[in-house]
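To start, the structure under review is shown below, and the notes come after it.
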Amino acid sequence: MNTADPSYTISQCLVILDSNRGLGVPVVDGSGQLVGILTDGDIRRCLINGGSLSDNCMVAANAHYFYVQNKSEIKKEHHITYAFIPVLDKGRKVVEFVTRSSPPIIDGDKVAGVIMAGGFGTRMQPLTNTIPKPLLDLHGTSLIERIIGRFAECGLSKIYICVNYLAEKIMDKLGDGARWDVEIDYIVEIDPLGTGGGLGLIENCRHQTLIVTNGDIYTELDFANLLQFHTDTRSELTMAAVQYSVSVPFGVIEAKDGLLCNLLEKPVYKYRCNSGIYAIEREILRLIPASEYFDMTDLVYTVQQKSGMVAVYDMSDYWADIGNVAELEKNRKMLDMLNRSRVPDAV
């Protein structure tokens with residue numbers, strides 16, 4: 001793999017990222033020590049938070065990366081989570097990089113995609129007064145078209161789209177899916193059925209597994225990796241989780257019985273949060289009541305209560321909930337910066 005020097009800018013690293021087939025950029029200093037790893041997701045998160053392509057690459061790089069000291073330590077699940085794995089000596093100097101031989105491809109005969117696109121988009125008004133939120137433009141391509149494109153890239157050939165609000169506009173825009181070489185079936189909710197109720201309207205599903213996503217998400221998630229994790233854990237339902245950090249701008253006091261136990265100066269707390277992306281087995285569709293309001297979180301609780309396996313896949317890929325106008329504009333700006341740097345924007 002090609003590497004970057006710690007003095008490189010993010011823009012310089014984008015060129016290396018492309019030469020490394022998008023797997024990532026190892027940042028290696030003059031002594032051969034790996035000081036950080038920079039991924040596509042790291043760069044997008046940096047830009048969305050106000051960073052610039054002219055910033056030093058270490059502003060965006062992950063200095064707390066996963067590595068091994070012997071290739072025998074690498075497990076199958078590591079190749080699902082990481083595009084490449086550094087093998088380092090005791091001084092964290094690079095011995096080699098172990099990469100996936102090829103990206104996994106989904107069997108379209110066994111797995112279908114589902115996009116929940118029936119919401120009213122009230123937080124995006126007035127933009128959504130006449131346009132359903134999944135059709136909002138994100139740098140030349142609508143949110144839902146980006147999701148369909150990623151589904152198609154991963155090998156899916158059948159996609160269900162649950163629609164309600166301004167359903168005709170979505171159906172007219174996307175058609176039968178032929179331009180992505182996929183087949184689209186529309187699940188029309190007469191009344192709003194929540195984030196999961198539309199699944200209960202799918203009839204005669206022949207696919208063993210469904211990958212379900214909200215229609216207002218922008219993500220670079222490789223759905224094949226999510227599916228591989230879901231399959232390996234033998235789960236009935238897998239939730240894709242994103243990390244969310246909360247910075248406290250003050251010193252946090254921990255006390256007991258009026259006495260100081262600890263003082264944390266401006267701590268950062270990290271939480272796993274629901275991304276709105278799931279992999280589910282066909283059998284649990286029977287747990288969803290027909291034509292009733294039912295959220296995906298209700299399905300999670302129902303599976304758990306019936307002693308089913310619910311797994312959590314920690315995704316490191318870029319993800320954004322386009323829940324308001326400000327978030328939409330931030331992501332438009334980020335994609336514009338990437339486009340001007342002549343980095344291909346996956347759709």
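Between the side chain of N56 and the backbone N or O of P6, at least one donor-acceptor pair lies under 3.5 Å. Using modelled atom types, no side-chain atom of T3 and backbone atom of V27 make a donor-acceptor pair closer than 3.5 Å. Remark: side-chain polar atoms of N20 are paired, donor with acceptor, to backbone N or O of N2 under 3.5 angstrom. Y313 contributes no side-chain N or O that, together with a main-chain N or O of A279, makes up a donor-acceptor pair within less than 3.5 Å. With hydrogens and angles disregarded, a donor-acceptor distance shorter than 3.5 Å links the side chain of R332 to the backbone of D137. Between the N214 side chain and the D216 main chain, no donor and acceptor come within less than 3.5 Å of each other. R92 places no side-chain N or O within donor-acceptor distance of the main-chain N or O of V35, the cut-off being under 3.5 Å. Using modelled atom types, no side-chain atom of D295 and backbone atom of T297 make a donor-acceptor pair closer than 3.5 Å. Looking at S275, its side chain does come within 3.5 Å of a backbone N or O of A240 through a donor-acceptor pair.
By the 4.5 Å heavy-atom criterion applied to side chains, T141 and H139 are not counted as neighbours. A 4.5 Å side-chain heavy-atom check between F229 and T238 finds at least one atom pair inside the cut-off. Counting only heavy atoms from C-beta outward, the side chains of C205 and L210 approach each other to under 4.5 Å. For the pair I253/L260, a side-chain contact is recorded, criterion being any heavy-atom separation below 4.5 Å from C-beta on. Looking at L143 and I217, their side chains never come closer than 4.5 Å, going by heavy atoms from C-beta outward. Contact check for R123 versus V325: no side-chain heavy atoms found under the 4.5 Å cut-off. Proximity of R44 to M334: side-chain heavy atoms (C-beta onward) are separated by under 4.5 Å at one or more points. The shortest distance between side-chain heavy atoms of V310 and S235 does not fall below 4.5 Å.
The hydrophobic cluster containing I106 also contains F151, counting ILVMFWY residues as joined when their side-chain heavy atoms lie under 4.5 angstrom apart, directly or transitively. I187 and V182 fall into different hydrophobic clusters, where Ile, Leu, Val, Met, Phe, Trp and Tyr are joined by side-chain heavy atoms under 4.5 Å apart, directly or via other members. Side-chain heavy atoms closer than 4.5 Å link hydrophobic residues (I, L, V, M, F, W, Y) into clusters, and following such links, possibly through other members, connects Y65 to V94. Note on L47: it does not cluster hydrophobically with M58, by side-chain heavy-atom contacts below 4.5 Å among ILVMFWY residues. A single hydrophobic cluster is not seen to contain both Y318 and I37; linkage of ILVMFWY side chains at heavy-atom distances under 4.5 Å, directly or through other members, places them apart.
Salt bridge status for D336 with K333: absent, with no side-chain N to carboxylate O gap under 4.0 Å.
Heavy atoms of other residues, nucleotides or ligands lying less than 6.0 angstrom from CZ of F120 number more than 12. For CZ of R234, the number of neighbouring non-hydrogen atoms (other residues, nucleotides, ligands) closer than 6.0 Å is 12 at most. More than 12 heavy atoms of other shown residues, nucleotides or ligands fall within 6.0 angstrom of atom OH in Y269. Counting heavy-atom neighbours within 6.0 Å of R179 CZ, excluding the residue itself, gives a total above 12.
Taking all atoms of both residues into account, the shortest heavy-atom contact from S157 to G108 is OG-O, 3.6 Å. For P26 against L34, the heavy-atom pair with the smallest separation is CB-CD1, 3.8 Å. Looking at every heavy atom in both residues, M171 comes nearest to V163 through SD-CG2, 4.4 Å. Scanning all heavy atoms of the two residues, the minimum distance from I170 to P132 falls at CG1-CG, 3.6 Å. Shown here for E327 and A320, the closest heavy-atom pair between the two residues is OE2-CB, 4.2 Å. Residues G91 and Q33 approach most closely at O-NE2, 2.9 Å, considering heavy atoms.
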inquiry  = Would F223 and L156 count as a side-chain contact (heavy atoms from CB on, under 4.5 Å) here? Give the steps.
reply    = CA-CA 10 Å; F223 293 105; L156 295 183; 5.9 Å; no
request  = Please report the C-alpha distance between T122 and Q125 in whole Å, then the side-chain angles of each, then the deciding distance to 0.1 Å, and finally whether the side-chain contact (heavy atoms from CB on, under 4.5 Å) criterion is met.
outcome  = CA-CA 5 Å; T122 53; Q125 292 175 342; 4.1 Å; yes
query = Are K169 and D172 close enough, and set up right, to give a salt bridge (charged side-chain N to carboxylate O under 4.0 Å, His left out), and what steps lead you there?
reply = CA-CA 5 Å; K169 292 197 173 185; D172 289 344; over 6 Å; no
message = Determine whether L138 and Y218 satisfy the following criterion, side-chain contact (heavy atoms from CB on, under 4.5 Å), listing intermediate values before the conclusion.
response = CA-CA 9 Å; L138 184 59; Y218 168 48; 3.6 Å; yes
task = Give the C-alpha distance, both sets of side-chain angles, the deciding distance and a yes or no for side-chain contact (heavy atoms from CB on, under 4.5 Å) between I159 and W180.
result = CA-CA 11 Å; I159 300 173; W180 295 278; over 6 Å; no
request  = Evaluate salt bridge (charged side-chain N to carboxylate O under 4.0 Å, His left out) for E236 paired with K306, printing each intermediate quantity in order.
outcome  = CA-CA 11 Å; E236 292 180 286; K306 293 184 176 296; over 6 Å; no
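In this structure, the separation between CD1 on I16 and OG on S11 is 10.5 Å, given to the nearest 0.5 Å. Atom CG of L299 is separated from atom CE of M239 by 10.0 Å, given to the nearest 0.5 angstrom. L53 CG to L14 CG: the interatomic distance, rounded to the nearest 0.5 Å, is 6.0 Å. Interatomic distance, CE of M296 versus CD1 of I277, reported as 11.0 Å (0.5 Å rounding). Remark: I85 CD1 to F66 CZ distance equals 5.5 Å, nearest 0.5 Å. Residue S316 holds its OG atom at 9.0 Å from CG of N225, rounded to the nearest 0.5 Å.
In this structure, the side-chain contact (heavy atoms from CB on, under 4.5 Å) partners of S142, at least two apart in sequence or on a different chain, are L135, I144, E145. Partners of Y186 by ring pair (Phe, Tyr, Trp, His ring centres under 6.0 Å), not counting sequence neighbours: none found.
For residues 253-268, there are no side-chain hydrogen bond (donor to acceptor under 3.5 Å, both in side chains) pairs, not counting sequence neighbours.
H207 and Y160 have perpendicular rings, their planes meeting at more than 60° on a 0 to 90° scale where under 30° would count as parallel.
Side-chain contact annotation: D55 with S52, donor-acceptor N/O pair under 3.5 Å absent. Side-chain contact, S72 with N70: a donor N or O sits under 3.5 Å from an acceptor N or O.
Cation-pi contact between R21 and F84: absent, since separation from the ring centre below 6.0 Å together with deviation from the ring axis within 45° is not met.
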